[in-house]
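Read through the structure below, which is laid out as C-alpha cells, and then see the notes.
Note that the structure is predicted; figures quoted are calculated from it, not measured.
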Amino acid sequence: MLRPLLLFLLVLLVLRAAWRLLEGVVRGASGMPAGAARRPPEPVKMVQDPVCGTFVVPSRAVSLARAGQTLYFCSDTCRDQYAKRGSNQ
C-alpha cells in the first residue's frame with residue numbers, strides 16, 4: 001500500500017523537475033533574464049497619515065489638497081477629522 005504512494009510521489013517530483021528544466025530552456029532561448037518573472041515590485045515611498053499616524057501608499061490613499069500641498073490619509077474618517085480641525089481654527 002505504501003509502495004504505490006511513494007512511487008506516485010517520485011513520479012510527481014520527476015515531472016516537476018522536468019517541467020522546471022524545460023521552462024528554463026525556453027526562458028534562456030527567449031533571452032529573458034533568469035529572475036525576470038519573479039522580480040519583486042519596485043519600492044514605493046509611503047507617507048504618514050497626519051491624523052492617526054498610519055503609513056499609506058499615496059496611490060491607494062485618500063487625499064486632500066490644501067494650500068498647494070497634497071495630504072494623504074488612510075481613510076475618509078481621518079480625512080474628515082483633519083478637515084474639521086482645519087475649519088475650526
Mind checking who shares a hydrophobic cluster with Val57, ILVMFWY linked at side-chain heavy-atom distances under 4.5 Å?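 Besides Val57, the hydrophobic cluster comprises Val44, Met46, Phe55, listed by chain and residue number.
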Please give the remaining members of the hydrophobic cluster of Leu7, linking ILVMFWY side chains under 4.5 Å, ordered by chain and number. none
With rounding to the nearest 0.5 Å, note down the distance linking [atom1] in [X] to [atom2] in [Y].
| X | Y | atom1 | atom2 | result |
| --- | --- | --- | --- | --- |
| Arg27 | Leu22 | CZ | CG | 11.0 Å |
| Gln48 | Thr54 | CD | OG1 | 8.0 Å |
| Cys74 | Arg60 | SG | CZ | 14.5 Å |
| Asp80 | Leu64 | CG | CG | 9.0 Å |
| Gln81 | Asp49 | CD | CG | 9.0 Å |

Working for side-chain contact (heavy atoms from CB on, under 4.5 Å), residues Val51 and Arg79: CA-CA 8 Å; Val51 176; Arg79 182 196 58 201; over 6 Å; no
Ser63 side chain reached by Phe73 side chain, heavy atoms, under 4.5 Å: no
Is there a side-chain contact between Val14 and Arg16, using heavy atoms and a 4.5 Å cut-off?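 A side-chain contact under 4.5 Å is absent here.
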Identify, with sequence neighbours excluded, every residue that meets side chain to side chain contact (heavy atoms under 4.5 Å, CB included) alongside Val47. Val56, Pro58, Tyr72
